[in-house]
Each structure stands twice: as structure tokens, then as C-alpha cells.
Amino acid sequence: MKVTFPHMGNIYLAAKALFDGLEVEYVIPPYNSKSALEIGSLHSPEEMCLPFKLMMGNYIQALNQGADTIIIVGSCGPCRFGEYAELQMKLLNKAGFHADFIAIDAPSDIGIKELFRRLNILTKNSSKNKFEKIQVLYDAIKIMNLIDEIEELAHKYTGYERNKGTCKTILNNCKAEAIKCNNPKEMIQLLKSYKAKLNHIAIDINKDPLKIAIIGEIYTVIEPFTNLYIEEKLMDYEVSTKRSLSPSWWVKNTALVPLKINSLDIRKASKRYLPLYIGGHARECIGEAVMALEDGFDGAIQIFPMGCMPEIVSKSILPTISKDHDFPIMSLVVDEMTSEAGFVTRIEAFVDLIERRRENELSRH
Amino acid sequence: MKIGIPKGLLYYKYHVFLETYFKEIGAEIVVSPDTNKEILDLGVKYCVDEACLPIKIFHGHVAKIKDEVDIILIPRVMQLKEKEYICPKFCGLPEMVFNSIPNMPKAITNPIYANNNTKLYKWAIDAGKYITDDINLIFNSFNRALIKQSAHKTGIRNENFEINIALSGHPYNIYENFTNMNIVEKLNKSGVGVITEEYLSDDLKNINVKKLYKKPFWTFLRENYGFTTYEALEKKVDGIIYLSSFACGIDSVVTELIKDEIGDFPFLILKIDEQTGEAGLDTRIEAFVDMLERRQENESDIPSHG
Ligand code: SF4
Ligand code: SF4
């Protein structure tokens with residue numbers, strides 16, 4: 001058995017550690033790229049949303065590299081994502097790819113027993129005992145959290161660094177090194193050292209950088225290829241960014257849903273504009289926009305794939321928030337056709353806009 | 001009190017219930033006119049660009065009547081069946097409308113969980129409060145509205161046609177003749193009978209649905225997938241026409257699953273948006289009907305006993 005899984009931000013690091021730890025063979029699909037998207041689009045219905053197509057690309061590229069078992073992530077709320085697995089399995093079969101599927105669904109849908117049965121298929125070839133398996137799982141989650149924290153720090157400190165580019169270099173080195181680790185413990189050590197490094201860079205606390213919140217559809221905000229590496233670009237402009245949606249946020253949120261104590265801050269902040277969960281992460285998007293303005297951010301950028309149903313609802317609400325609070329919000333829709341040039345122009349124009357607003361404000365005082 | 005009811009989206013399925021209920025509790029009802037060019041234009045003007053046509057049209061209906069009424073109904077339908085969901089845009093419909101159309105009157109936006117009558121009754125109380133305090137009146141009106149709705153048969157089943165097709169798609173695409181350009185009439189005129197999903201029982205719909213790896217969580221997917229695949233695999237009809245909204249996330253999944261199940265059974269997907277031209281639509285329908293006719297002739301040429 002050779003397992004593979006779809007990309008989503010840095011999740012491949014945790015997955016790598018998990019399989020290394022379990023001593024299960026795996027293939028990490030090539031990073032998302034034009035060719036992954038092309039292959040994926042070729043085998044996807046035209047009007048499917050972008051994440052679907054990229055995941056198809058990941059699966060096919062991994063199968064071509066020898067993977068034979070695909071971990072497919074199932075439902076998470078009333079949106080198309082919940083039907084991804086069904087359709088992807090059918091399309092792959094039809095296209096002549098032979099693979100086994102392990103569909104991971106929320107336990108509330110399939111029952112905890114069934115979930116464990118499915119997970120067991122994954123670990124049955126592992127020579128590790130039950131205790132060791134749990135330890136490995138624990139380590140993988142730790143890795144996921146660590147890399148999310150590192151990213152968050154880098155995106156934040158980038159506006160305060162004394163030497164331009166420090167944060168970006170540390171972040172990129174960190175990822176490049178982490179992928180070379182061969183066991184979970186080693187990776188945890190490495191990540192910890194990078195986190196410490198970030199916490200000790202030379203910063204200028206007198207700086208007051210521009211701050212932008214990145215909000216929108218979860219896959220396209222997390223997966224840098226889809227948003228044309230917007231966070232990295234903003235780092236180049238020395239803008240601090242914050243994005244609340246991350247794999248670790250998702251895991252925590254999902255775990256807390258049955259208790260109804262998930263994301264209390266988001267619920268509170270979104271109440272006035274979108275009082276209910278409507279599917280996808282529309283409510284998070286609205287809540288984060290409100291939280292960003294309350295926290296003194298200079299603006300927010302919403303990103304979502306073409307045709308994304310919940311984010312279209314958010315997009316109609318955001319202008320009101322923007323108007324009510326005089327808070328700049330820009331919406332960027334991404335799809336296969338998004339041109340890099342047009343995208344960069346819009347980002348630059350937005351940064352310019354908030355910069356000028358700052359200056360005006362200062363000159364008024 | 002004048003209450004406005006926009007003639008868009010699920011109005012086509014539940015108008016009997018809504019109209020009866022509000023009339024009985026003593027409101028004066030203003031229903032927007034059938035969709036027309038003006039309503040479409042209003043919708044396109046106010047609604048976010050990225051939205052699908054049915055949502056834009058709904059905005060148009062609201063904009064059309066909002067100034068004539070004291071209060072307007074924007075049904076926030078959350079669920080129709082237990083453990084099944086519907087499109088996120090229904091759940092966020094009031095927010096979309098309120099943030100897109102200026103100078104809105106008061107509105108009834110309470111969430112509608114139509115999956116059980118207790119929950120629906122709760123909606124009736126919340127919505128009725130805007131009109132009357134008389135809880136007995138609310139209770140009786142609610143029951144009468146339910147009875148009337150269930151006695152009201154929706155759906156199409158033409159009889160005595162040589163060629164028949166299953167017509168599938170969102171109710172607002174099937175029953176709104178402005179956007180579908182009178183498709184049922186057109187088909188009838190070319191000698192094609194139509195049957196819709198309402199005429200197939202849930203049990204029969206579920207036959208193929210059960211074969212899916214995952215239980216579908218959209219009510220719409222279960223119904224339309226179950227209906228079309230049953231009609232096709234049991235050869236109850238000669239072809240399927242699916243009216244799909246351009247950029248509808250749900251349609252993109254449903255049509256693909258149907259395709260996968262029915263193999264080379266005749267299947268025509270008509271995508272509608274504000275740019276759809278009547279001539280183009282006609283050509284595609286004609287070509288499809290021609291093909292069905294030819295198939296029928298060919299089939300009758302084959303002798304039934306070797
Ligand atoms: S939230 Fe948007 S991108 Fe995600 S499945 Fe739904 S429509 Fe697709
Ligand atoms: S189900 Fe499709 S057509 Fe209907 S509102 Fe949602 S996206 Fe639009």
C-alpha cells in the first residue's frame with residue numbers, strides 16, 4: 001500500500017510525519033502548479049470549484065508516481081465539499097485510474113466506529129503498536145500546529161523586521177528543511193528551533209506597519225498556489241498579514257462543533273451581519289472582517305474561487321461592513337484563468353490605497 | 001398590513017402554503033408579477049455579479065415590490081428534509097438582499113426548517129407575530145395552509161405523447177417560463193411529453209440513491225438524481241433534459257453524477273443565464289428531439305424476435 005493525499009497549505013508536513021512515524025509508504029503529490037491544475041481540470045467537470053480540480057490533479061500526479069491508495073477528505077458542512085469524495089472516486093475510476101480510497105468523514109456523519117474502521121485500513125500494515133500509533137498521531141498534530149504558528153509569526157513580524165526579508169527567508173528555509181526530516185521527532189525539533197528563531201529576530205517595535213487580514217474560502221486562503229502566493233507578496237511589501245483559517249484552526253473547530261463551543265469569537269463578531277451558519281465558511285469570513293477592523297487592521301482581502309456559493313453570500317455583505325466602518329475590503333475571485341499580472345496590480349493598488357489613508361489620517365492629527 | 005411575497009426561487013413550490021397562511025391571518029398579500037425583463041434588469045442591477053441567475057431574479061422581484069408593501073417575506077429556507085441541506089444562498093438570502101438593495105422595508109427573515117411540522121409551526125408563529133397576536137388564529141391558519149399545500153399537486157405529467165422526456169432541474173428553472181423560454185410548451189408542440197420529479201415516489205427515487213457511496217446531503221441532489229436515473233435505467237422515458245443554472249454549484253455536481261450513472265442514455269443539459277438566447281436554445285432542443293425521433297425509428301426497425 002502506498003498512500004497519498006491532497007495538498008492544502010502545509011498539511012503535507014504533518015502527513016509526512018504521520019506516515020514516517022507509522023512506517024507506512026506514501027507519495028507526497030508534487031506541489032500545486034499549473035500542470036497539476038491542468039491535469040485536474042481535464043478530469044473535472046468544467047463548473048466545479050477550483051479546490052476540486054486541484055485535488056484531482058494531486059491524486060492523478062501521485063498515482064502516476066506509484067501511489068495506490070488515496071485519502072479523500074469528505075464532508076465538512078453543507079457545501080460542495082461534501083460531495084467531492086463521491087464524484088472524485090467516480091471520475092478517477094472512469095478515467096481508468098485504479099486506486100483504493102479511504103474517505104475520511106466527520107464522525108457525526110458515519111459514526112465513530114466506521115471512522116476507526118477506515119483509519120485502521122491505513123495503519124494495518126504498520127508495525128507499530130497501538131500506543132506508538134497514538135503517539136505518532138499526536139506528533140503529527142503537533143507538527144501541524146507548529147508550522148501554522150510559525151507561519152503566523154512570520155506573517156506578523158514581517159512588518160516589524162529590521163532587515164527586510166528576514167521573516168520570509170526564515171519561513172522558506174524552515175519549510176525546505178522540514179521536508180527533509182525523516183521522523184516526527186526530528187521534525188518537531190526543527191520546527192521548534194525555527195519558531196525560536198522567529199521569536200528572536202531583530203525587530204523595530206516603533207514601526208507601525210500596514211496590517212491586512214486575509215479572509216474568505218478556506219482552501220483558497222490556505223493553499224498559496226491558488227491565491228498566487230498573496231501572503232508572500234505582502235511580505236515583500238512589508239505588510240503584516242493575519243489569516244485565522246488554517247489547518248489547525250479547522251481541526252480545533254471541527255472537534256468543538258458537537259459541543260457548540262467552536263469559534264465563539266467569530267460567532268459574536270458576525271452576529272450583526274450574518275447571524276447563522278449557512279455552509280462553507282461564510283460566517284467565519286464575515287466574523288473575521290469585523291474582528292479585523294476591531295483589532296485596528298488597515299483592511300481585509302477576501303479570496304474565493306469562482307462560483308463559490310457561500311462566499312458569494314459573504315461578498316454581498318462585505319461592502320456594508322466596509323461602508324459602516326469605513327474599512328477597506330477587497331474581494332478577489334480566483335480560477336484557472338486568473339492572470340498573475342492583473343492580480344498583482346489589484347493587490348498593489350489596494351496596498352497603495354490603505355497606505356494613503358494612513359497618511360491622510362496622520363496629516364489630520 | 002400589506003405583505004410582499006416575491007415570486008422567485010422556492011415560491012414555485014410553496015406558494016400555496018405561504019399565500020394561504022398569510023391571507024388567513026389577515027394580511028393583505030402583494031405577490032410580484034411573473035418574471036419579466038424589468039425584473040431581470042433590476043436583479044442584475046442590484047445583485048452581486050457572481051451570483052446565479054435565479055438569485056438575481058429573486059433580487060429583482062424584491063426590488064419590484066418593496067416600495068408598495070409594509071413588510072416583505074424573504075424566505076430563509078434552511079432545510080427541507082432531515083439530515084439534508086440546501087444551497088447556502090438560500091440560507092443567506094436575507095443578508096444578500098438587505099446588503100444589495102437600498103431602502104428595504106421591514107422583512108420576515110426567520111429561518112425555515114421545513115423538515116418537521118413542529119419547527120415549521122415555530123416559524124409560522126415568529127412570522128405571524130408581525131401581523132397578528134392571535135395565537136389561535138395562527139394555529140388554525142397554519143394547519144389550513146398545510147392541508148391546502150399538501151392537496152395542491154405540483155409537477156408535470158403529460159400523457160399520450162409518442163416521445164417522452166424527464167425534465168429535471170431546480171423548480172424555479174422548470175416553472176419559470178421567462179427564463180426557460182416556455183420549454184414545456186415548446187416540447188409539447190414538437191410532440192414531446194414531459195414528466196417531472198414530483199410524479200415519482202420517494203421509494204423509487206431512492207433505488208439508485210442507495211447505490212451511491214455517500215448518502216447525498218442535498219435534498220435537491222437526492223430527488224433529481226433519483227428521479228432521472230430511475231427514469232433512464234428503467235427506460236420510462238426516451239431522454240432527459242436538465243435545466244441548469246449557469247454557475248450553480250449544486251447543478252455541477254448533480255449533472256455529473258447523473259451522467260456517470262446513465263451511460264449513453266440521451267441527456268441534454270441546457271444552461272441558462274441572463275445571456276441565453278432563445279434561438280440558440282431552440283436549436284439545441286430541436287436537435288435533441290430529432291435525435292430522439294431517430295432513435296425511436298431505429299428501435300422499431302429492429303425485429304423483436306430474432
Ligand atoms: S465552499 Fe466554495 S470552494 Fe468550497 S466546496 Fe463550497 S463552493 Fe466549492
Ligand atoms: S441551488 Fe444553484 S441555482 Fe439555486 S440558488 Fe443555489 S447556486 Fe443558485
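Naming: A, B, ... by sequence-line order, numbering from 1 per chain. Quick caveat: nothing in here was measured; it's all calculated off a predicted structure.
Here the CE atom belonging to A/Met309 is positioned 14.5 Å from the CD atom belonging to B/Glu50, to the nearest 0.5 angstrom.
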| Does the side-chain contact (heavy atoms from CB on, under 4.5 Å) test come out yes or no for B/Leu212 and A/Lys90, once each step is laid out? | CA-CA 10 Å; B/Leu212 289 171; A/Lys90 292 208 146 106; 3.3 Å; yes

| task | Any chance you could lay out the side-chain contact (heavy atoms from CB on, under 4.5 Å) test for B/Glu95 and A/Thr320, step after step, and finish with the verdict? | result | CA-CA 10 Å; B/Glu95 281 74 25; A/Thr320 310; over 6 Å; no

| task | Test side-chain contact (heavy atoms from CB on, under 4.5 Å) on A/Met48 and B/Val253 and set out the steps. | result | CA-CA 7 Å; A/Met48 275 312 284; B/Val253 174; 3.8 Å; yes

| task | Begin with the C-alpha distance, continue with both residues' side-chain angles, and end with the deciding distance and a verdict on side-chain contact (heavy atoms from CB on, under 4.5 Å) for B/Arg76 and A/Leu276. | result | CA-CA 10 Å; B/Arg76 189 202 290 278; A/Leu276 288 158; 3.3 Å; yes

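Around atom CD of A/Glu46, no more than 12 heavy atoms belonging to other residues, nucleotides or ligands sit under 6.0 Å away. Other residues, nucleotides and ligands contribute only 12 or fewer heavy atoms inside 6.0 Å of the CE atom of A/Met306. Applying the 6.0 Å contact sphere to NZ of B/Lys119 captures more than 12 heavy atoms from other residues, nucleotides or ligands.
Residue A/Ile321: no heavy atom, backbone or side chain, is found under 4.5 Å from chain B. Proximity to chain A is limited to the side chain of B/Leu221, based on heavy atoms less than 4.5 angstrom apart. In this structure, no portion of A/Pro319 lies under 4.5 Å from any heavy atom of chain B. At a 4.5 Å heavy-atom cutoff, A/Phe101 makes no contact with chain B through either its backbone or its side chain. In this structure, the portions of B/Phe246 lying under 4.5 Å from any heavy atom of chain A include both its backbone and its side chain. Contact annotation for A/Lys94: only side-chain heavy atoms (C-beta onward) come within less than 4.5 Å of a heavy atom of chain B. With a threshold of 4.5 angstrom between heavy atoms, B/Pro94 does not approach chain A through any atom at all. Only the side chain of A/Met89 comes within less than 4.5 Å of a heavy atom of chain B; its backbone N, CA, C and O stay farther away. Looking at A/Ile312, the atoms closer than 4.5 Å to chain B (heavy atoms on both sides) sit in the backbone and in the side chain alike.
The stretch residues 260-276 of chain B participates, sequence neighbours left out, in these side chain to side chain donor-acceptor pair (under 3.5 Å) pairs: A/Glu47-B/Lys271, B/Lys56-B/Glu274, B/Lys211-B/Glu261, B/Tyr225-B/Glu261, B/Asp273-B/Thr276.
Considering only heavy-atom pairs separated by less than 4.5 Å from chain A, the leading option among B/Cys52, B/Cys47, B/Cys91 is B/Cys91.
In summary, of the residues considered (A/Ser316, A/Ser314, A/Ser331), a side chain to side chain contact (heavy atoms under 4.5 Å, CB included) with B/Val48 occurs for A/Ser316 alone.
In terms of modelled atom types and a separation under 3.5 Å, the side chain of A/Glu86 and the main chain of B/Lys214 share a donor-acceptor contact.
Partners of A/Asp326 according to the salt bridge (Lys or Arg N to Asp or Glu O under 4.0 Å) rule, which considers only residues two or more places apart in sequence or in another chain, are A/Arg357.
Closest heavy-atom contact between A/Arg118 and B/Tyr213: CZ-OH, 3.8 Å.
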